[in-house]
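Treat the numbers as computed from the prediction; the structure is a model and nothing was measured. Each ligand, and each atom within it, is numbered from 1 in the order the structure gives.
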Amino acid sequence: MTEPANGHTVQGVPVAELADRYGTPLYLYDGAIIRATYRRLRDLLDPSVEIYYSLKANPNISVCALLHSLGAGAEVSSLAELVTARRAGVPARDIIFLGPGKSAAELAACLEHDIGAIVCESLDEVATVEAMAAALPDTGSGSRYVRVVLRVNPAFVTKGSRLAMGGKPRQFGIDQELVAEAGPTLKALRHVRVVGLHAYMGTRILDAADIVHNTRGVLTAAAELAAALDLPLDLVDVGGGFGVPYFDKESDLDVETVAEGFNAAVARFRVDHPQTRVITELGRYLIGWAGTYVVRARQVKASRGEWFVVADGGTNHHMAAVGIGSFVKRNFPIRSLTRPAEPPVRQYTVTGPLCTPNDVIGKQVALPEVRPGDLIGVERSGAYGPSASPVLFLSHGHPAEVLVLDGVAHLVRRADTVDDLLRPQRLVDPAVPVATPAPAASPIP
Ligand SMILES: *Cc1c(COP(=O)(O)O)cnc(C)c1O
């Protein structure tokens with residue numbers, strides 16, 4: 001096969017080489033973009049504002065370690081995410097744990113690691129943490145307490161988010177009205193100290209003014225609640241929701257304008273709260289730009305006048321590319337990585353290996369000539385990729401992940417093997433009618 005020599009590169013490393021070495025489909029993360037994105041935001045935001053990375057957006061341990069090396073704390077929402085952050089080197093005090101329906105094991109791990117704060121989503125959860133904290137061995141000094149932040153479901157209405165929060169009934173957080181009345185309950189806590197408030201107003205916000213509006217609203221609500229509750233406000237987590245544009249007619253988030261309004265809101269808040277820590281927690285924005293989903297064309301075929309590229313990976317690894325939530329299918333930015341310099345010759349619908357007509361990563365995408373074996377990249381795909389996709393559908397499993405740092409490619413997750421997929425299963429032999437004790441592990445051929 002004659003390969004064009006001028007294929008796409010990441011930090012000088014040819015993607016074709018990585019695809020050969022690690023196989024496809026493959027998620028490729030450009031560490032230089034992660035660093036540049038973080039540093040730009042860090043430079044723009046008031047230095048007193050702390051940036052936390054939401055592992056939900058991309059839970060890869062090396063991605064987490066890279067963001068931590070740049071100065072980010074970690075916002076986690078499961079036991080595995082907590083352990084990931086710790087093993088990535090994030091100190092426990094720089095971790096907050098948030099999320100509805102935390103398990104007893106998760107809360108116990110928060111206490112055991114003595115993390116920065118548990119973000120409680122209900123007053124019942126606060127009571128549970130109080131009871132667990134009471135059972136902790138006393139350190140003798142009597143000064144040991146568990147730091148809790150209350151997640152507030154704000155009364156004001158959020159703007160600009162696709163998943164609007166605030167002013168609505170929600171399973172998340174505690175209604176602002178209820179928090180305002182919780183003073184006596186919170187005062188009675190002996191092993192828990194409520195150190196602050198949290199609100200998250202939604203995701204993928206692309207209008208700077210909306211983020212500023214939300215930030216101002218959360219800081220104002222936090223100040224009012226703290227006053228009403230006579231609460232020493234050590235910390236406010238204002239959420240974030242900074243977006244990445246994926247589709248036609250969307251434009252980049254203007255982070256300079258965000259930072260200007262954000263910093264002004266923080267400055268105003270600081271007049272009365274000079275010591276309060278302000279945290280913004282971001283997932284998508286920190287990692288979305290840096291990732292490319294790389295698939296290889298297996299077949300190129302025409303059907304009744306439409307051209308299809310059938311690739312080796314599809315929506316099983318990139319569910320967001322389906323473009324759910326819109327009536328018309330909208331495409332992520334998609335390009336040929338094999339012939340990036342060639343002009344488009346026609347529109348191709350790019351599909352994957354799943355036996356469903358919905359397995360479409362891009363509909364009628366203008367691309368240069370695509371031949372079997374060519375590499376196609378879905379860009380801006382660093383966030384909510386495989387971890388938010390049905391990777392077990394048709395038992396294809398998780399794809400490989402490669403992080404390029406300082407011109408060197410690192411395999412930061414290998415692709416699932418068939419054994420990986422079958423190991424947790426147990427074969428029951430239907431021909432053996434007698435109940436037998438389960439063997440510790442039953443190898444499946
Ligand atoms: C999902 C989530 C985040 C991360 O959101 P992004 O839009 O990816 O930045 C942060 N905080 C909470 C509470 C979340 O649920």
Ligand 1 atoms in contact with [X] (distance to a heavy atom under 4.0 Å):
{"X": "T203", "value": "6 (P), 7 (O)"}
{"X": "L98", "value": "13 (C)"}
{"X": "S54", "value": "3 (C), 4 (C), 10 (C)"}
{"X": "R284", "value": "6 (P), 8 (O), 9 (O)"}
{"X": "K56", "value": "1 (C), 2 (C), 3 (C), 14 (C), 15 (O)"}
{"X": "Y384", "value": "1 (C), 4 (C), 5 (O), 6 (P), 8 (O)"}
{"X": "E281", "value": "10 (C), 11 (N), 12 (C), 13 (C)"}
{"X": "L282", "value": "9 (O)"}

**Asked** Below 4.0 Å from any atom of ligand 1, is there a heavy atom belonging to F172?
**Response** no
**Message:** So for ligand 1, is G241 a polar contact partner (N or O within less than 3.5 Å, distance only)?
**Reply:** no
**Sidechain N-carboxylate O distance under 4.0 Å for R35, D30** = no
**Request:** Determine, for D374 against R339, whether the closest basic-nitrogen to carboxylate-oxygen distance falls under 4.0 angstrom.
**Result:** yes
**Nearest atoms (heavy-atom pairs only) where V370 meets Y348** = N-OH, 3.1 Å
**Request:** List in chain and number order the residues that pass side-chain contact (heavy atoms from CB on, under 4.5 Å) with R42, two or more places apart in sequence or in another chain; answer none if no residue qualifies.
**Result:** Y38, L45, V49, I51
**Message:** Which residues pass the side-chain contact (heavy atoms from CB on, under 4.5 Å) test with N60, not counting sequence neighbours?
**Reply:** N58, S62, V63, E401, V412, R413
**Message:** For Q275, is the CD atom crowded, meaning more than 12 foreign heavy atoms sit under 6.0 Å from it?
**Reply:** no
**Message:** Parallel, tilted or perpendicular, judged at 30° and 60°: which one describes the rings of F332 and F247?
**Reply:** perpendicular
